[in-house]
Structure formats: C-alpha cells, structure tokens
Amino acid sequence: MYDIAIIGAGPAGATFARLIGTKYKVLLLDKRELLNNEAGSLEKCCGGLIAPDAQRMLGKLGLGIPQNVLVGPQLFTVRTIDMQQDIERYYQRHYININREKFDRWMVSLLPSSVHVACGALFVRYYFEDGVFKIHFRNNGKEYIERAKYLIGADGAFSILRRQLLPEPFQKTYISIQEWFQVKNQQPYFSAIFDDEISDFYSWTIPKEEYILLGTAVLPEKNTTQKLELLKKRLTKYGFEFQNRKKRHGAFILRPSSAKQICLGRGNLALIGEAAGLISPTSAEGFSYAFRSALALAQSIQEGPDNLAEQYLKNTKELRMNITIKNMKAPFMYNAFLRKAAMKSGLLSMDIYA
Ligand SMILES: Cc1cc2nc3c(=O)[nH]c(=O)nc-3n(C[C@H](O)[C@H](O)[C@H](O)COP(=O)(O)OP(=O)(O)OC[C@H]3O[C@@H](n4cnc5c(N)ncnc54)[C@H](O)[C@@H]3O)c2cc1C
C-alpha cells in the first residue's frame, strides 16, 4: 500500500510528487508516456508560455529551465487586438517560450527515485473503503488496483476525480482548439485577440520556431470549427497567414468565475492545479496555479496530515483570493466598452518600430 497516490504527472502532480517524494511512499500515475524521450500520441494541448507569476514560482521552487526545453523566439511583447473595435496595442510582458511536452518530461525527470512513476496508466475510478482509497487504472488493456491512504487529483481540466466527487459539471468549461501553421516570417509577439462574435473569452497566436500557433477558447454550444475559420479570415487584415497547417489539437479549459467554484477535495482526497479549477479566469495562465497549489498541498500534508482538508483550505487562502481579484479585473479586458477605453487611453502601451 502507498501513503499517497497522485493521478496526473503534469506541472501540478509532478511538482507535488517532487516535494513530498522522499518523505512518503508515493505512486504517480499518468496516461501519458512521460518517461521516454519522444512524445507519445497523447500530448497536452497548451500554448507553452511561462508567464511572470509562473517564473516567480519556478524561482521559489529552486528551479531553472534547461535549454532543451526552450523554443524561440523568447517574447517580450503582447500584441492586443480588439477586432470588433479595430484597435490594437502593444504591451511589455516577458514570457518564457517552451516546448510543453519537453517541459513536462523535464519535470518528471526531477522526481526522486523513491517515487514510483507509472506511465501509460489510465485512471478509471476510485473507491473509499475502511479508510483506504482503492485506485482502479488500466494499462495495456489490463485493469489494476492499487491502495493508498491519501489520493491526490492532479488530472487537469477534465479531472475524473473531481467529477467523481462533484457530479455537477464545472460551471464555465471552454473547448479550446489550437492549430499549428508553418510560416516563413514570424511575428515575435504573443497576440491576444478579442472578438465577441468568436468568443466571450479570447483567442491567441504564439510563435514557436518555424510555426505559429493559432488558438481559441469557446463555450461548448458554439460551433468551434466555424469560429476558428472566422478568426483566421479576420486576422488576415492584421498581417497573419494561416496556410500550411501541420497540426490541430484541443483540450478543455476551465474559467472560474468565482473562488466558490474551486474544489479542493474532501477528507484525505485533495485536488491540485486545474483539477481543482485553479487557473487564471482572465488569461487562462495555469502553470503558476499548478505550482502554487502543489506547494500549498505539500506544506499542508507535512503540517497537518490528520486534518489535510482544513490545512489545505488555510494554505490556499491567497490563491483563492487571487481568483477573486482576477475576476474583479476581468471587465477591463472582457467588457467591450471598458476595454476600448483602456486601449484608447494608451496607458502602459508602447510603440513598436518594426
Ligand atoms: C490550449 C491551451 C493553452 C494553454 N496555454 C497556457 C500557457 O501558455 N501558459 C500557462 O500557464 N497555461 C496555459 N494553459 C493552461 C495550462 O495548460 C494548465 O492550466 C496546466 O497544464 C495545468 O496543470 P495541471 O498539472 O493541473 O494539469 P495538466 O497539465 O492538464 O496535467 C494533467 C495530467 O493528468 C493526466 N491525466 C488526466 N486524466 C488522466 C487519467 N484519467 N488517468 C491518468 N492520467 C490522467 C494527463 O495526461 C496530464 O499529464 C493552457 C491550456 C490550454 C487548454
């Protein structure tokens, strides 16, 4: 039997496992093959930008990103385009541009050898009997059961653990699609694109070596493919070309419109990262929330193992407050009138001489 079983070896699960891995007997399960050098068929769909909050957390966790995880160009500017009001502005912001798949593999490579990592293992469900979690998962077509005292859900936006715990769906769940296009001339900006006809959230472009990623996040009832085609058409006016498509993938993104939607777990079952609903409701930046919640849970399990839920609630107070503050700022980005006023004022924007 394990002390702790963690479902999901993304940024949240791998960070938590690294922080507690030498003190407890830990099992870390992931359906992806994260121990090989080459990406398998299951890749996490992500923009792969490490924003300043996440950079700060990496620093706090004593980590520096190795060169083979970085991709060019490194980005210092956000190009903000309001398509309906035809205004654009450039803002200074430094992102670290990474290969997301390599980033996840690197995080798993940092785990102490005492952590048992089971890759290619699809978690199916759990049962709680006699104070112990029975964890059912599949590997190569066979079903297995493992037991643990604590069960940690780090299985992302579509968390099976969260859905087993709370049957009602997360209130605002978006479908995001990203397409990769090969380009000759790269625009060295992260573009954030606002257009209410396409999404009440936002769309983006991100340069990655010889590719440009085009992504959008829409609510499920909307016709995602049609919206993406409209987005491409409208963006040609701003100098973008999307012709030579190499890849298309998708994922869910949660958008917590209130800190009350965050689900941290119950008893000895805890949720971290996006499984808990922890992600920025304004930018969909999720790395910093994955790291912060993993650290908060690692501290909680050491400070109050017999009272984990209460301790974890206490240790995530600032994180939950952060979601509330982001939601208070949201109208300046997502209300067309306020956004227009902010962009027109030119406050904090900069001129580009390209
Ligand atoms: C299109 C898109 C672009 C994004 N771009 C950015 C960005 O540029 N910067 C940023 O900061 N954030 C970005 N985000 C958000 C960010 O990707 C997530 O918030 C972050 O990855 C959350 O980390 P996590 O560890 O909680 O979950 P995840 O990274 O989703 O990891 C969950 C892990 O659990 C595993 N798993 C899931 N279900 C099972 C199961 N049943 N059995 C076994 N394993 C399972 C998965 O394989 C995965 O490895 C983006 C999200 C999307 C969808």
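Residue numbers run from 1 in the order of the sequence given. Start at 1 and go down the list; that is how both ligands and their atoms are numbered. These numbers come from a predicted model, not from an experiment.
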Of all the non-hydrogen atoms in the protein, which one sits nearest to [atom], and at what distance?
| atom | value |
| --- | --- |
| atom 9 (N) of ligand 1 | Leu49 O, 2.9 Å |
| atom 44 (N) of ligand 1 | Lys31 N, 3.1 Å |
| atom 25 (O) of ligand 1 | Ala12 N, 2.9 Å |
| atom 17 (O) of ligand 1 | Arg100 NH1, 3.1 Å |
| atom 1 (C) of ligand 1 | Ser176 OG, 3.4 Å |
| atom 53 (C) of ligand 1 | Ile253 CG1, 3.2 Å |
| atom 23 (O) of ligand 1 | Pro11 CD, 3.7 Å |
| atom 40 (C) of ligand 1 | Phe123 N, 3.8 Å |

Just jot down the ligand 1 atoms closer than 4.0 angstrom to any heavy atom of [X], in number order.
| X | result |
| --- | --- |
| Gly273 | 26 (O) |
| Glu285 | 10 (C), 11 (O), 12 (N) |
| Phe252 | 53 (C) |
| Trp204 | 1 (C) |
| Gly8 | 33 (C), 34 (O), 35 (C) |
| Ala121 | 42 (N), 43 (C) |
| Ile160 | 41 (N) |

Go through the side-chain N and O atoms of [X] and [Y] and say whether any donor and acceptor fall under 3.5 Å apart.
| X | Y | answer |
| --- | --- | --- |
| Asp200 | Tyr174 | yes |
| Thr316 | Arg320 | yes |
| Arg89 | Tyr91 | no |
| Tyr238 | Asp86 | yes |
| Ser257 | Gln261 | yes |
| Lys208 | Asn97 | yes |

Cation-pi geometry met for [X] and [Y] (6.0 Å, 45°):
| X | Y | result |
| --- | --- | --- |
| Arg255 | Tyr334 | yes |
| Arg125 | Tyr127 | yes |
| Arg147 | Tyr2 | no |

Nearest to atom 49 (O) of ligand 1 by heavy atom, Val124, Asp30, Ile279, Val108: which?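 It is Asp30 that holds the nearest heavy atom.
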For atom 4 (C) of ligand 1, which of the options Gly47, Ala9, Ala118 provides the nearest non-hydrogen atom?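 Heavy atom nearest to atom 4 (C) of ligand 1 belongs to Gly47.
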Judging by distance only, is a nitrogen or oxygen of [X] under 3.5 angstrom from one on ligand 1?
| X | answer |
| --- | --- |
| Gly286 | yes |
| Gly48 | yes |
| Arg32 | yes |

Identified side-chain contact (heavy atoms from CB on, under 4.5 Å) counterpart of Lys326 within the set Asn322, Ile323, Thr324: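 For Lys326, the side-chain contact (heavy atoms from CB on, under 4.5 Å) check succeeds only for Asn322.
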Please name the residue in the list Arg248, Lys227, His249 that meets the side-chain contact (heavy atoms from CB on, under 4.5 Å) test with Ile177.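 The option that passes is Arg248.
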Can you check whether Phe137 and Phe123 have ring centres sitting under 6.0 Å from each other?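 For Phe137 and Phe123, the ring centres are not under 6.0 Å apart.
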Does [X] have a non-hydrogen atom less than 4.0 Å from ligand 1?
| X | answer |
| --- | --- |
| Ala51 | no |
| Phe158 | no |
| Tyr289 | no |
| Ala284 | yes |

Report the part of [X] in contact with ligand 1, treating N, CA, C, O as backbone and CB onward as side chain, heavy atoms under 4.0 Å; options are side chain, backbone, both, neither.
| X | value |
| --- | --- |
| Ala14 | neither |
| Phe291 | neither |
| Ser159 | neither |
| Ala251 | side chain |
| Cys45 | both |

More than 12 heavy atoms of other residues, nucleotides or ligands under 6.0 Å from CD of Gln67: yes or no?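 Atom CD in Gln67 is not packed in, count stays at 12 or less.
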Decide if atom CG of Asn185 counts as having more than 12 heavy atoms of other residues, nucleotides or ligands within a radius under 6.0 Å.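 No, CG of Asn185 has 12 or fewer neighbouring heavy atoms, counting only those of other groups under 6.0 Å.
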Evaluate ring-ring contact (aromatic ring centres under 6.0 Å, His included) for Phe240 paired with Phe181, printing each intermediate quantity in order. CA-CA 11 Å; Phe240 291 95; Phe181 297 89; over 10 Å; no
Between Arg234 and Glu229 (salt bridge meaning N to carboxylate O under 4.0 Å), is one present in this structure?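 Salt bridge between Arg234 and Glu229, a charged N being under 4.0 Å from a carboxylate O: no.
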Between Glu43 and Arg32, does any side-chain N to carboxylate O distance fall below 4.0 Å?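 Salt bridge: no.
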